[in-house]
K.L.:
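Quick one: structure below, then a few questions.
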Number of protein chains: 2
Amino acid sequence: MLSNACKYAIRAILYLAIHSDETTKIGVKKIAEELETPQPFLAKLLRQLTSNKLVSSTKGPGGGFFLDKNNKEKSIWDVICCIDGTHKFEKCFLGLSKCSDKNPCPVHSTVSPFKKKILNEFRDKTISKLVEEIEVEGTVISLKGFDLK
Amino acid sequence: MLSNACKYAIRAILYLAIHSDETTKIGVKKIAEELETPQPFLAKLLRQLTSNKLVSSTKGPGGGFFLDKNNKEKSIWDVICCIDGTHKFEKCFLGLSKCSDKNPCPVHSTVSPFKKKILNEFRDKTISKLVEEIEVEGTVISLKGFDLK
DNA sequence: AATAAAAAAGATCGTTTTATCTTTTTTGTG
DNA sequence: CACAAAAAAGATAAAACGATCTTTTTTATT
């Protein structure tokens with residue numbers, strides 16, 4: 001579905017959304033430990049997210065990564081686009097270039113409604129809204145523990 | 001979503017479902033041309049499908065690949081399991097090992113209903129049923145033309 | 001100013017995925 | 001039987017992905 005890189009990135013942003021703000025910055029080391037992700041790889045991803053304005057950072061002692069107000073208005077979809085590219089949920093499930101609503105591939109009717117709805121939800125829901133929901137519903141689970149593949 | 005290999009495999013099986021039977025066998029060369037897929041790679045995939053009883057074949061002159069009655073009772077899901085493995089639609093969207101209906105991750109409620117539905121449709125619908133539907137609905141489009149990624 | 005903490009940048013390495021090429025085996029046909 | 005057509009099998013190569021390591025830059029603190 002998503003690449004490992006993208007999963008790490010989303011989890012890191014959610015972690016930052018919950019635990020950081022302008023005055024509480026968090027270093028890669030801490031984030032990687034909390035999420036149980038490979039540290040140098042996560043560092044690279046955070047740089048990519050930072051240079052795309054999805055995450056903020058400051059250097060030097062006491063520095064680290066955090067989400068500012070703007071960052072929190074971004075969506076999961078923005079993260080997916082940044083790491084995996086825009087194509088992820090837009091292309092035909094079988095990879096057929098000619099496939100469309102008018103010209104559907106054999107699995108189009110099965111897959112298409114699903115893709116559209118998920119795409120919308122991921123595009124419309126901001127990170128802050130998402131975290132708010134999680135907190136209201138009390139469904140905050142550990143972002144730790146990862147299955148490769 | 002799916003690997004290229006898996007997309008090739010599904011397309012090849014659909015192609016065979018439409019164009020082949022016990023008396024009309026088709027060689028890799030022809031299939032690869034029709035689907036515009038890399039020929040040796042597709043050959044390897046067909047071998048994998050054949051050894052897993054999802055496709056039939058005969059060697060020698062006049063030989064080739066085809067679907068017999070049993071093969072047509074298999075599902076898209078069987079193909080996905082054969083090529084990409086069973087985990088594809090079963091794991092948490094964010095890769096979290098602790099995620100479940102009782103213990104949902106932040107995107108679980110968005111993603112889970114669709115995963116379940118797609119999984120069921122892919123598991124329950126046989127290849128022959130699928131092709132039948134396509135023909136009734138008249139939505140037979142070219143399986144040619146592929147977007148990498 | 002010196003030091004140390006932290007991110008930024010970039011070079012490198014290994015694995016998996018994708019793809020190709022060559023050889024062997026099977027089998028129908030003249 | 002000899003030949004050719006086709007799949008089966010396996011070795012190899014290239015690209016993408018996942019991950020690590022080293023060096024540089026920035027900056028707060030002493």
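None of these values were measured; they are calculated from a predicted model. Proteins get letters first, then strands, A, B, ... in listed order; numbering begins at 1 in each.
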K.L.:
May I have the distance from B:Q48 (atom CD) to C:dT17 (atom C1'), rounded to whole angstrom?
P.N.:
12 Å
K.L.:
Measure across A:I127 and A:I76 and return the closest heavy-atom pair with its distance rounded to 0.1 Å.
P.N.:
CD1-N, 4.1 Å
K.L.:
For A:P38 and B:G63, find the nucleotide of DNA chain D closest to each by heavy atoms; which residue's nucleotide sits nearer the 5' end?
P.N.:
B:G63
K.L.:
Check every strand shown and say whether A:L45 touches a base, only sugar-phosphate, or nothing at a heavy-atom separation below 4.0 Å.
P.N.:
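It contacts nothing in the nucleic acid.
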K.L.:
Need one value for A:I83: base, sugar-phosphate or nothing, where a base atom within 4.0 Å counts as base even if backbone is also close, heavy atoms only.
P.N.:
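Nothing, no nucleic acid heavy atom in range.
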K.L.:
Using ring-ring contact (aromatic ring centres under 6.0 Å, His included) as the criterion, list what pairs up with B:F89, not counting sequence neighbours.
P.N.:
none
K.L.:
How many whole angstroms separate atom CD1 of B:I31 from atom C1' of D:dA5?
P.N.:
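Nearest whole value for this atom pair: 15 Å.
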K.L.:
Go through the structure and list residues passing side-chain contact (heavy atoms from CB on, under 4.5 Å) with A:Q48, not counting sequence neighbours.
P.N.:
A:L45, A:N52, A:C82, A:I83
K.L.:
Measure the distance from CG on B:L2 to P on C:dT18 and round it to the nearest whole Å.
P.N.:
11 Å
K.L.:
Measure the distance from CG on A:N4 to C1' on C:dT17 and round it to the nearest whole Å.
P.N.:
14 Å
K.L.:
Over the length of the helix from C:dA1-D:dT30 to C:dG30-D:dC1, how much do the five-pair end axes diverge, rounded to 10 degrees?
P.N.:
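Taking five pairs per end, the axes differ by 10°.
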K.L.:
Quick one: do the A:N103 and A:S100 side chains pair a donor with an acceptor below 3.5 Å?
P.N.:
no
K.L.:
Got a list of protein N/O to nucleotides 9-11 of chain C N/O distances below 3.5 Å?
P.N.:
residue : atom : partner : partner atom : Å
C:dA9   : N7   : A:R47   : NH1          : 2.6
C:dA9   : N7   : A:R47   : NH2          : 3.3

K.L.:
Distances under 3.5 Å only, N/O to N/O: pair up the protein atoms with those of nucleotides 22-30 of chain C.
P.N.:
residue : atom : partner : partner atom : Å
C:dT26  : O4'  : B:K59   : NZ           : 3.4

K.L.:
Would you call A:D21 and A:F66 a side-chain contact if the rule is heavy atoms closer than 4.5 Å?
P.N.:
no
K.L.:
Whole Å only: how far is the CD atom of B:Q39 from the P atom of D:dA8?
P.N.:
13 Å
K.L.:
Salt bridge (Lys or Arg N to Asp or Glu O under 4.0 Å) for A:E73 and A:K69? Distances and angles first, verdict last.
P.N.:
CA-CA 7 Å; A:E73 293 310 302; A:K69 244 182 170 179; over 6 Å; no
K.L.:
Rounded to the nearest Å, what distance is computed from the CG atom of residue B:L42 to the P atom of nucleotide D:dA7?
P.N.:
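From B:L42 CG to D:dA7 P: 10 Å.
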K.L.:
What is the minimum heavy-atom distance between B:C105 and B:L94, and which atoms define it?
P.N.:
SG-CD1, 4.2 Å
K.L.:
Can you check the B:L49 CG to D:dA7 P distance for me, whole Å?
P.N.:
14 Å
K.L.:
What is the distance, to the nearest angstrom, from the CZ atom on A:F65 to the C1' atom on D:dT26?
P.N.:
13 Å
K.L.:
Test your reading of the model: is there a side-chain donor-acceptor pair from B:K88 to the backbone of B:W77, 3.5 Å cut-off?
P.N.:
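Checking the backbone N and O of B:W77 against the side chain of B:K88, no donor-acceptor pair under 3.5 Å is found.
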K.L.:
More 5' along DNA chain D: B:L46 or A:F41, using each one's nearest nucleotide?
P.N.:
B:L46
K.L.:
Can you confirm if the aromatic rings of A:Y15 and A:F65 lie within a centre distance of less than 6.0 Å?
P.N.:
no
K.L.:
Counting any heavy atom closer than 4.0 Å, what does B:A5 reach on the DNA or RNA strands: base, sugar-phosphate only, or nothing?
P.N.:
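Sugar-phosphate contact only.
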K.L.:
From the set D:dA19, C:dA7, C:dA19, return the single nucleotide nearest to any side-chain atom of A:S57.
P.N.:
C:dA7
K.L.:
Tell me every residue that passes side-chain contact (heavy atoms from CB on, under 4.5 Å) with B:K129, counting only those two or more places apart in sequence or in another chain.
P.N.:
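Listed in chain order: B:K125, B:T126, B:E133.
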K.L.:
Salt bridge between B:D78 and B:K53, side-chain N to carboxylate O under 4.0 Å?
P.N.:
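Looking at B:K53 together with B:D78, the answer is no, because their closest N to O distance does not fall below 4.0 Å.
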K.L.:
With a 4.0 Å limit, can you tell me whether B:Y8 has a side-chain N or O closer than that to the phosphate oxygens OP1/OP2 of C:dA19?
P.N.:
yes
K.L.:
Please determine if A:K116 and A:D101 form a salt bridge, counting it only when a charged side-chain N lies under 4.0 Å from a carboxylate O.
P.N.:
yes
